[in-house]
Q: 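Pasting a structure here, questions to come.
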Amino acid sequence: MNKSGLVDRVANAAAVDKRKAEAAVEALIEAIVESTRAGERVSIHGFGTFSRTSRAARMGRNPRTGDAVPIAASTGVKFAPATAFKSVLNARAAKKATAKKATGRKSSGGKKAAARKTAAKKTAKSSKKR
């Protein structure tokens, strides 16, 4: 999903027009960016936490030549999903796994079929030699 898809979903869920939904999404993104830029932690209950990370300057290596290359200090953002968010994601995966077990389908990876083919080839070769 991209930003316009998110705007469409917000507009439908909140029963507002797209312009108001887009303004709401923009305001949310802007608030998260400004707060993390200021070094604050942004925590959205049930969704997750955005926090600012810093990486120190260091020396790296050019993979092609092997020469030492200075890498500048940088700042990034870390997102840690909330436990409620993780449990929703894992519940879907658990449902899929139980559905596969209920239908009796296993992904054998074709090992049994490959074993049968090689056994059939060996039998065919031995019968030709006789």
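Reckoned from all heavy atoms, side chains included, excluding hydrogens, waters and symmetry mates. FYI, the numbering just counts along the sequence from 1.
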Q: Quick one: are Asn62 and Thr65 in side-chain contact, heavy atoms under 4.5 Å?
A: yes
Q: Are Phe50 and Val33 joined in one hydrophobic group, where the rule is that I, L, V, M, F, W and Y side chains link up if heavy atoms are under 4.5 Å apart?
A: no
Q: Check whether any side-chain N or O of Ser35 sits under 3.5 Å from a backbone N or O of Ile32 as a donor-acceptor pair, and report yes or no.
A: no
Q: Decide whether Val42 and Phe79 are clustered together by the hydrophobic rule: side chain heavy atoms of Ile, Leu, Val, Met, Phe, Trp, Tyr closer than 4.5 Å, transitively.
A: yes
Q: Which heavy-atom pair separates Gly46 from Ala82 by the least distance, and what is that distance?
A: C-CB, 3.7 Å
Q: Measure from the side-chain N and O atoms of Ser43 to the backbone N and O of Thr49, and report whether any donor-acceptor pair falls under 3.5 Å.
A: no
Q: Decide side-chain contact (heavy atoms from CB on, under 4.5 Å) for Thr75 and Arg37; before the verdict, give the C-alpha distance in whole Å, the side-chain angles of both, and the deciding distance to 0.1 Å.
A: CA-CA 9 Å; Thr75 303; Arg37 183 182 295 157; over 6 Å; no
Q: Assign the ring pair Phe47 / Phe85 to parallel, tilted or perpendicular, where the plane angle (0 to 90°) is split at 30° and 60°.
A: parallel
Q: Got Lys18 and Asp8 here, is their nearest side-chain heavy-atom distance under 4.5 Å?
A: yes
Q: Hey, are the side chains of Val7 and Glu26 touching, using non-hydrogen atoms and a 4.5 Å cut-off?
A: no
Q: Can any side-chain N or O of Arg52 pair as donor or acceptor with the backbone N or O of Val77 at less than 3.5 Å?
A: no
Q: Enter the distance from Met1:CE to Leu6:CG here, rounded to the nearest 0.5 Å.
A: 6.0 Å
Q: If you take all heavy atoms of Met59 and Ala68, which pair is closest and at what distance?
A: CE-CB, 3.7 Å
Q: Compute whether any side-chain donor of one residue and acceptor of the other, for Arg55 and Ser74, lie under 3.5 angstrom apart.
A: yes
Q: Verify salt bridge (charged side-chain N to carboxylate O under 4.0 Å, His left out) between Glu22 and Arg19, making sure each step is shown before the conclusion.
A: CA-CA 5 Å; Glu22 186 174 9; Arg19 287 184 185 187; over 6 Å; no
